[in-house]
Amino acid sequence: MEKYNHKYGAEQIQVLEGLEAVRKRPGMYIGSTSIRGLHHLVYEIVDNGVDEALAGYCTEINVIIEPGNVICVTDNGRGIPVEIHPKTHISTAETVYTVLHAGGKFGGDSGYKVSGGLHGVGASVVNALSTWAEVTIKRDGGLYQMSFEKGKTVKKLERIGDAEGTGTKVRFLADDTIFESLDYEFDVLEKRFREIAFLTKGLKITIEDQREETPKKSEFCYEGGLVSFVEYLNKNKEKLHKTPIYIEKDGEVPVEIAIQYTSSYSENIYTFTNNINTIEGGTHLEGFKRALTKVMNDYARSHNILKEKDNNLQGEDIREGITAVVSVKVKEPQFEGQTKTKLGNSEVTGVVQSMVNEALSTFLEENPSVAKAILDKCISASRAREAARKARELVRKKSSLETSTLPGKLADCSSKNADECEVYIVEGDSAGGSAKQGRDRKFQAILPLWGKMLNVEKARADKIYGNDKLNPVIVAIGAGIGAEFDITKIRYGKVIIMADADVDGAHIRTLLLTFFFRYMRPLIENGNVYLAQPPLYKLSKKGMEDRYCYTDEDLEKAYKELEEKGITRDSLSLQRYKGLGEMNPEQLWDTTMNPETRILIKVTMDDAIKADEIFTLLMGDEVEPRREFIQQNAKYVRNLDI
Ligand code: 0R9
């Protein structure tokens, strides 16, 4: 593992501000006090261990969620320095835990924090936001310990015994008066640690959940680093070449990239800066894409795969089926964009571009069979793009002949203000009919879908434009698809999928979500996609207003509440809705469409990697992994209606 030249020590620590500010405005330091902010505390501490690993001194980090939501993180690095700090006149370790920014910026240019959570605020913030924290250090043959309450030192660092080896252990209990909940989600933490392990070749990270009677434990260590990451991402896909292409370059901006092509039609490029997932891309992604396009075209020309008369392959042709991870380390990263996950440092573009130009062209020259497999795919993608363009023009021509360019089945709303408009995509003609009658036509449009829908996981864009099920959806939304999708053109602020609460409904929902994920991803990222939740039950009684219940728990609650009012279970009649079609227009409005009373589930995409995995699994070619997934998850199915 490369050793970064951190030469910071006690004297470089800059004393900045007190921790009171952190407790007053926690959101400013960790983003929020929701579960997301809570998880950030763990990342902050783990990142300090990762920095020590990147410096070449730590090989293992262990995380335990102890009973009572106490977090314990241990590393086997050098141990935080214990000597007295010349400026603060307290131990360096205590300084790191009590002075804001002390552990992060070490003044001047001597050291930089390579790792670091999105906020990169350091251990003192975690300390400030904890009811208590305890730090134990093994260093120079001694065992040292100190403890804190709400950021204040209650036991100064003292040598409490002898120790073999070196390392740091941090235990803390987050402050429940600050955080909405202390219930850490094992899966979320686990996912992040797996990611860190992929990004930090050879580092072993374990996580154990001791809150349950039978503790859960995961261990991650990847000698293959990014190569293992790409293999993991492609595990259920058909690969075009056996081993991922790996390129790396050290230097002022260290770059590491792994690439593997699959037979799928989607593009999956994940980028990281200092181990942070830069979801919005940025200059590293830009450099990578530019180089990829150039190298592939140059190779195709020089090997006569593209003839003189042929047009160049476009970027999107070359990225069809690609899975890649790009990881860069930048000393002073600038994060931009809506969620501050877009790398802004302009110097990075050129670094990545020239490195990929050189390394990838060498790779292709040395591996002609891999080059051929990839370029065959790129060329067929390019042909499909051309066919898609023709299909799109055909569709445009056809529709411009009609009086209205909107699909015939669409009952549009009268408002033209996209922000207030909604389109309900409704399964089945009969539910569509009720929805049309029940809606508020000022702002609610209805688009009924019927029949067998195309599985986009197994089709290219050219098939989609001409498809009689999906084309109305594309035209109604009005913003195009794929690389041309333009979120500013959407005709509705809310795109609501309304399907029955049964297997067929679930199938339609999955097909539509796959379509949005693959071809209109910004629509999901921007929070425009919703699932309507129709009720499962209606409780009624003469003289009583009907009561709708959306889940089994809801129903139980309703029974109890009514019992308290003296209405017995026996006196109530219970209707179980099998489908949307069973509701009359008025009922559909009351339960599922009226903004005052309906329940809408917003589709979000916290985890693009997981989403890609699930869609590939559910809708892709490989049968065996799908069977396994269904068997493993069958126990979670609550309302399976066959
Ligand atoms: C369990 C989580 N681990 C940590 O919080 C952790 C911090 C840390 C560390 C150093 C080594 N291990 C660590 N684990 C370290 C040591 C030395 C120099 N830099 C870093 C050294 O021995 O010279 N530190 C992180 C910040 C600092 N130490 C300090 F220098 F600011 F104190």
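Ligands are counted one by one from 1 in listed order, and the atoms in each one are counted from 1 as well.
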Could you tell me which atoms of ligand 1, counted from 1 in the order shown, lie closer than 4.0 angstrom to a heavy atom of [X]?
X   : value
V73 : 1 (C)
T92 : 32 (F)
I45 : 2 (C)
V96 : 29 (C), 31 (F), 32 (F)

Review point. Any N or O of T74 that comes nearer than 3.5 Å to an N or O of ligand 1?
Key: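 No, since none of the N or O atoms of T74 sits under 3.5 Å from an N or O of ligand 1.
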**Study point:** Mutual orientation of the aromatic rings belonging to Y222 and F198 [parallel < 30°, tilted 30-60°, perpendicular > 60°]
**Key:**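 Parallel, since the angle between the ring planes stays under 30°.
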Check your understanding: Do the rings of F517 and F615 sit parallel, tilted or perpendicular, given the 30° and 60° boundaries?
Key ->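 Plane angle between 30° and 60°, so tilted.
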Between [X] and [Y], is any side-chain donor less than 3.5 angstrom from a side-chain acceptor?
X    : Y    : answer
T262 : N234 : no
T136 : Q145 : yes
D176 : T131 : no

Practice item. Give a yes or no on whether the backbone of E613 and the side-chain of N236 come within a donor-acceptor separation of less than 3.5 Å. Key: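 Absent.
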Point to revise | Heavy-atom nearest neighbour of atom 23 (O) of ligand 1 within options R171, E94, R78, H85 | key: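 Looking at heavy atoms only, the winner is R78.
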Check your understanding: Hey, is K169 one of the residues with a heavy atom under 4.0 angstrom from ligand 1?
Key ->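 K169: no contact with ligand 1 (<4.0 Å).
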Check your understanding: Can P81 be said to touch ligand 1, with heavy atoms closer than 4.0 Å?
Key ->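 Checking ligand 1 against P81, which is what was asked, there is a heavy-atom contact under 4.0 Å.
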